[in-house]
2 protein chains.
Amino acid sequence: MRILKYAILGLVDKGNLSGYDITNCFQEEIGHFWSATHSQIYPELKKLTQEGFIQFETLIQGVKLEKKMYSITTLGRRELHQWLVHSMIIPQTLKDAFMLKAYFFSAMDLDEAEQQFSDQLKMRSEKLAYLNERMNVLQNNDDFNLSPKSQHFGNYLVLTRAIEREQGYTSWLKNSLALMEQGKE
Amino acid sequence: MRILKYAILGLVDKGNLSGYDITNCFQEEIGHFWSATHSQIYPELKKLTQEGFIQFETLIQGVKLEKKMYSITTLGRRELHQWLVHSMIIPQTLKDAFMLKAYFFSAMDLDEAEQQFSDQLKMRSEKLAYLNERMNVLQNNDDFNLSPKSQHFGNYLVLTRAIEREQGYTSWLKNSLALMEQGKE
DNA sequence: CTGGACATGTAATGTGTTACATGATTTG
DNA sequence: CAAATCATGTAACACATTACATGTCCAG
């Protein structure tokens with residue numbers, strides 16, 4: 001399905017970027033939902049250039065450090081758009097190794113299971129706090145508003161989803177821990 | 001990290017299974033969170049046998065159809081347990097291609113984006129209805145109860161999480177669609 | 001002048017999917 | 001007797017991570 005292809009096309013469509021920039025993008029908001037390292041990105045950029053979806057211009061930083069700034073072509077924008085409006089089936093499996101532990105619950109002692117769940121709850125609560133902080137930063141932008149016309153709307157959608165995802169996970173963990181507590185009596 | 005290794009150990013620990021049985025397990029509840037096809041499973045079973053974590057007995061079905069029933073060894077059970085009680089860090093990326101579309105929102109027209117979101121909402125609502133049905137079936141088991149001592153508890157945890165996950169996703173989709181509607185005015 | 005960030009690449013390995021390949025058993 | 005299911009395997013390819021490899025630039 002070559003999702004990375006479309007991830008790169010979408011990022012480059014938003015604004016010209018180098019491979020290094022793209023690598024960094026995956027450390028920000030969108031990185032909660034898709035990422036890749038530079039070892040995957042550079043070959044993909046080469047391939048997309050060969051296919052005519054993107055093109056680059058070499059810039060010199062300082063005296064001789066070369067930097068390839070990529071921009072999307074008309075062909076690339078068409079390719080991206082086609083993917084965006086094409087219906088996407090939901091995958092039957094969304095891998096989550098922790099849920100294997102939950103499924104194998106009876107292979108643990110009750111206190112071991114509780115430890116696992118509370119450990120996970122701690123980490124997810126911290127992540128949730130971090131995400132809420134990021135949301136604060138986003139909403140404190142001078143030009144922030146909830147309109148789909150806002151340049152921040154995509155970012156807002158991604159952040160709300162990330163927050164909702166962690167909130168759901170933490171509340172499920174809490175409910176499960178409560179059931180374990182009750183089960184002790 | 002060899003998650004499949006532990007998935008297989010956990011399943012075989014619950015009860016002796018053949019490669020074919022394991023393949024089918026991934027079509028059931030746990031398949032919402034982990035899965036693999038037989039082309040991955042058979043080689044892994046071979047490897048785990050060589051490593052001494054599982055062993056098999058060949059059964060004859062009918063006249064000559066051979067079936068390898070696997071069981072976990074003491075070494076395998078120790079290996080599984082060690083993994084279960086080992087703290088598991090949460091992955092920074094949980095891939096979701098639809099969220100790329102959300103992030104690239106501004107590369108679509110508003111009506112195209114709405115179409116994508118409502119399309120996704122329809123599919124996720126259907127999945128949610130299916131999951132609720134499965135929960136009904138589970139709760140109608142004669143010996144069902146919410147105790148962590150119940151043999152169904154692992155299955156219950158997995159189902160509640162799957163339901164929570166889809167519920168969260170659908171409500172985020174609905175909220176996002178509402179914002180798009182408001183943005184039109 | 002050094003450590004961290006900037007910048008780009010390839011190689012090796014691990015994981016996962018689709019296709020190829022074969023044959024037995026059961027159910028209608 | 002034909003179709004679906006049971007049952008096991010390998011090969012080719014696609015995707016992803018970690019390691020290898022090199023060099024520049026800037027701030028303290």
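So you know, we letter chains A, B, ... as the sequences are listed, proteins then strands, and number each from 1.
In this structure, B:Leu65 atom CG and D:dA4 atom C1' are separated by 14 Å, rounded to whole Å. Per the geometry, CG belonging to A:Asn24 stands 13 Å off C1' belonging to C:dT8, to the nearest Å. Between B:Leu4 atom CG and C:dT17 atom P the separation is 10 Å, expressed in whole Å. Between A:Leu17 atom CG and C:dA7 atom P there is a gap of 11 Å when expressed in whole angstrom units. Atom P of nucleotide D:dT10 and atom CD1 of B:Ile41 are separated by 14 Å, given to the nearest angstrom. Atom CE in B:Met1 sits roughly 14 Å away from atom P in D:dA16 (whole-Å rounding). Per the geometry, CG belonging to A:Leu59 stands 15 Å off C1' belonging to D:dT24, to the nearest Å. Put simply, NZ on B:Lys64 is 15 Å from C1' on D:dT8, counting in whole angstrom units.
Residue order along DNA chain D, read from the 5' end via each residue's closest nucleotide, puts B:Tyr42 first among A:Thr37 and B:Tyr42. Checking A:Ile60 against A:Ser35, the closest nucleotide of DNA chain D that is more toward the 5' end is the one next to A:Ser35.
A distance below 6.0 Å separates the ring centres of B:Phe117 and B:Phe98.
Checking C:dA24, C:dT15, C:dA7 against every side-chain atom of B:Gln40, the shortest atom distance belongs to C:dT15. For A:Tyr70, whose side chain is taken as the heavy atoms from C-beta onward, the closest listed nucleotide among C:dT10, C:dG9, D:dT18 is C:dG9. For A:Tyr20, whose side chain is taken as the heavy atoms from C-beta onward, the closest listed nucleotide among D:dC6, C:dT8, C:dA24 is C:dT8. Checked against C:dA24, D:dT8, D:dC25, the side chain of A:Val63 finds its nearest nucleotide in D:dC25. When each of D:dA19, C:dC20, C:dT25 is scored by its nearest atom to the side-chain atoms of B:His38, the top-ranked nucleotide is C:dC20.
Residue-level contact check: B:Met69 touches neither bases nor backbone, having no heavy atom under 4.0 Å from any strand. Nucleic acid contact for A:Gln61: sugar-phosphate only, since backbone atoms but no base atoms lie under 4.0 Å from a heavy atom of the residue.
In this model, a side-chain donor or acceptor of A:Ser39 finds a partner on the base of D:dT18 within 3.5 Å.
In this structure, B:Lys95 reaches the D:dA16 phosphate: one of its side-chain N or O atoms is under 4.0 Å from OP1 or OP2. B:Lys46 has a side-chain polar atom (N or O) that falls below the 4.0 Å cut-off from OP1 or OP2 of D:dT10. OP1 or OP2 of C:dG9 sits under 4.0 Å from a side-chain N or O of A:Lys68.
The structure places NE2 of B:His38 at 10.5 Å from OH of B:Tyr20, a figure rounded to the nearest 0.5 Å. One distance of note links CZ of A:Phe26 with CD1 of A:Ile8; it measures 6.0 Å at 0.5 Å rounding.
The aromatic rings of A:Phe105 and B:Phe153 sit perpendicular to each other, their planes meeting at more than 60°, with 30° as the lower class boundary.
Side-chain contact check for B:Arg161 versus A:Met99: some heavy-atom pair is nearer than 4.5 Å.
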Can you check side-chain hydrogen bond (donor to acceptor under 3.5 Å, both in side chains) on A:Trp34 and B:Thr93, steps first, answer last? CA-CA 6 Å; A:Trp34 206 269; B:Thr93 303; over 6 Å; no
